[in-house]
Amino acid sequence: MQRLALKWRRAGKRVALVPTMGYLHAGHLSLVQRARQAVGPRGLVVASIYVNPTQFGPKEDLAKYPRDLPRDRRLCRAAGVDVLFTPDDAEIYPGRGTGAYTTYVVEETLTGVMEGAARPGHFRGVTTVVAKLFNLVLPEVAVFGQKDFQQAAVLQRMTADLNFPIQLIIAPTLREADGLAMSSRNKYLTAEERAQATILFHALEASKLAIKRRPVSAARLKSDLRAFMTVAPLARLDYVEFFDPATLQPVARVKPGSHMALAVFFGKTRLIDNAAL
Ligand code: PAF
């Protein structure tokens, strides 16, 4: 991959990378479209598919994370991806089995809250694999989804701090008709869970309404949301947070411009969503 990328660079090709863990859906394909827009018809769009083990905790769904490479290949081809990069564990982490390998870490202020607090070690895995993908594909643009809002903020920090000459584009979340954010993990939901999973979207909308007239305390909003979520009895709230989108730090009073993120379990399936309020 890197040899090819160096050849493209020498030929003056513009390259955009869309990193994914596969099991692609329309949300991923919108990232591919955004990548194409960024580099134009003569540029090259590379999609990577790699289910990165280091970003999963020991009790998480690594082994059963959905995979369907033949289908992903077809979708990539139809979406105009030029190169699909599908490395395996030995290529990405040659030293991992020995314990002697290198990781990249963005400090706790950004990675110790929300997803980072709920999934210890998760962001170390994300930043490490994305830095490696950047070094392998040598793109000038990389596209990520806003559904993983904290991930996007952490990766922007890493890209700036490690001086990667790469522009990050954060593309909007694609939603199903009823508001559920598209995610590969939606596939795990039973019909009943799927029907109740719109609670994440409704919680975001309810909070937007609640603060429209005046700021409301975060504690009050959280307790109202807990009550609101009882309409979806299969949902178990993991966390809900109100924060400053520039710093990711919690705010005491929530007002327009504050950001909200939440994670909700349906059985073992964990869904996340976020919105600017
Ligand atoms: O957002 C994802 O799918 C993953 O976290 C990423 C960025 C591909 C890294 O494994």
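- Side-chain heavy atoms closer than 4.5 Å link hydrophobic residues (I, L, V, M, F, W, Y) into clusters, and following such links, even through other members, never connects Val130 to Ile49.
- Remark: Arg214 engages Val216 in a side-chain contact (heavy atoms from CB on, under 4.5 Å) (not counting sequence neighbours).
- For Lys64, the NZ atom counts as densely surrounded, since its 6.0 Å shell holds more than 12 non-hydrogen atoms of other residues, nucleotides or ligands.
- Looking only at distances, a side-chain donor or acceptor of Gln249 sits under 3.5 Å from a matching main-chain atom of Thr109.
- Ionic pairing of Asp89 and Arg96 is not present here: no N-O contact between side-chain nitrogen and carboxylate oxygen is shorter than 4.0 angstrom.
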Test log, rule side-chain contact (heavy atoms from CB on, under 4.5 Å), inputs Phe266 and Arg194: CA-CA 9 Å; Phe266 287 88; Arg194 171 64 188 83; over 6 Å; no
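- Both Val264 and Leu225 are assigned to one and the same hydrophobic cluster, defined by single-linkage of ILVMFWY side chains at heavy-atom distances under 4.5 Å.
- Note: Leu110 CG to Gln151 CD = 13.0 Å, rounded to the nearest 0.5 Å.
- Here CD of Gln150 is found 7.5 Å from CZ of Phe243. Values are rounded to the nearest 0.5 Å.
- Summarising the geometry, atom CE belonging to Met182 is positioned 4.0 Å from atom CD belonging to Glu176; distances are rounded to the nearest 0.5 Å.
- Between Ile211 and Pro256, the shortest heavy-atom contact is CD1-N, 3.4 Å.
- The closest side-chain heavy-atom distance from Lys132 to Tyr50 is not below 4.5 Å.
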Stepwise side-chain contact (heavy atoms from CB on, under 4.5 Å) check, Val46 with Trp8: CA-CA 12 Å; Val46 179; Trp8 292 336; 3.7 Å; yes
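- Heavy-atom contacts from other residues, nucleotides or ligands closer than 6.0 Å to NZ of Lys212 number 12 or fewer.
- In plain terms, the two heavy atoms of Leu180 and Ala197 that are nearest each other are CD1-O, 3.7 Å.
- Residues Leu31 and Thr20 are not in side-chain contact: their nearest non-hydrogen atoms beyond the backbone lie 4.5 Å or more apart.
- When the shell of 6.0 Å around CD of Glu192 is examined, it contains 12 or fewer heavy atoms from other residues, nucleotides or ligands.
- Nearest approach of Leu24 to Asp72, heavy atoms of both residues: N-OD1, 3.0 Å.
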Worked check of side-chain contact (heavy atoms from CB on, under 4.5 Å) between Ser183 and Lys147: CA-CA 9 Å; Ser183 163; Lys147 187 170 81 73; 3.9 Å; yes
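- Proximity of Leu174 to Leu29: side-chain heavy atoms (C-beta onward) are nowhere separated by under 4.5 Å.
- One hydrophobic cluster, built from ILVMFWY side chains closer than 4.5 Å, cannot hold both Val240 and Phe149; they sit in different ones.
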Criterion side-chain contact (heavy atoms from CB on, under 4.5 Å) on Ile170 and Gln156, from CA distance to verdict: CA-CA 10 Å; Ile170 311 304; Gln156 264 162 334; 3.9 Å; yes
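- Residues satisfying the side-chain contact (heavy atoms from CB on, under 4.5 Å) test with Ala210, not counting sequence neighbours, are Leu221.
- The distance from the CG atom of Asp61 to the NZ atom of Lys268 is 10.5 Å, given to the nearest 0.5 Å.
- Between the OG1 atom in Thr159 and the CG atom in Leu168 there is a gap of 4.0 Å [rounded to 0.5 Å].
- Between the side chains of Gln33 and Arg36, no donor N or O sits under 3.5 Å from an acceptor N or O.
- Phe164 and Phe134 have perpendicular rings, their planes meeting at more than 60° on a 0 to 90° scale where under 30° would count as parallel.
- Residues Phe144 and Leu155 form a side-chain contact, since some pair of their non-hydrogen atoms from C-beta on lies under 4.5 Å apart.
- With salt bridges taken as basic N to acidic carboxylate O contacts below 4.0 Å, none links Arg119 and Asp238.
- Between the side chain of Thr128 and the main chain of Tyr104, a donor-acceptor pair closer than 3.5 Å is present.
- Residues Pro87 and Met1 form no side-chain contact, since every pair of their non-hydrogen atoms from C-beta on lies 4.5 Å or further apart.
- No more than 12 heavy atoms of other residues, nucleotides or ligands lie within 6.0 Å of CZ in Arg124, so this atom counts as exposed by the packing criterion.
- Between the side chain of Arg14 and the backbone N or O of Ala38, at least one donor-acceptor pair lies under 3.5 Å.
- Comment: Asp273 engages Arg175 in a salt bridge, judged by a side-chain N to carboxylate O separation of less than 4.0 angstrom.
- Arg236 is not listed as a side-chain neighbour of Met229, based on a closest heavy-atom distance of 4.5 Å or more.
- Put simply, the side chain of Leu271 reaches to within 4.5 Å of the side chain of Asn186, judged on heavy atoms.
- A donor-acceptor pair under 3.5 Å is formed between the side chain of Arg67 and the backbone N or O of Tyr65.
- A donor-acceptor pair under 3.5 Å is formed between the side chain of His122 and the backbone N or O of Gln55.
- Annotation: cation-pi pair Arg71/Tyr23 present, NZ/CZ under 6.0 Å from the ring centroid and within 45° of its normal.
- Between Arg270 and Glu115 there is a salt bridge, since a side-chain N of the basic residue sits under 4.0 Å from a carboxylate O of the acidic one.
- Note on Leu133: it clusters hydrophobically with Val106, by side-chain heavy-atom contacts below 4.5 Å among ILVMFWY residues.
- Taking hydrophobic clusters as Ile, Leu, Val, Met, Phe, Trp and Tyr residues chained together by side-chain heavy-atom distances below 4.5 Å, Val126 shares a cluster with Ile166.
- Counting heavy atoms from C-beta on, the side chains of Pro233 and Gln196 come closer than 4.5 Å.
- A donor-acceptor contact under 3.5 angstrom links the side chains of Asn52 and Tyr93, judged on distance only.
- Annotation: the span from Leu262 atom CG to Leu200 atom CG amounts to 4.5 Å, rounded to 0.5 Å.
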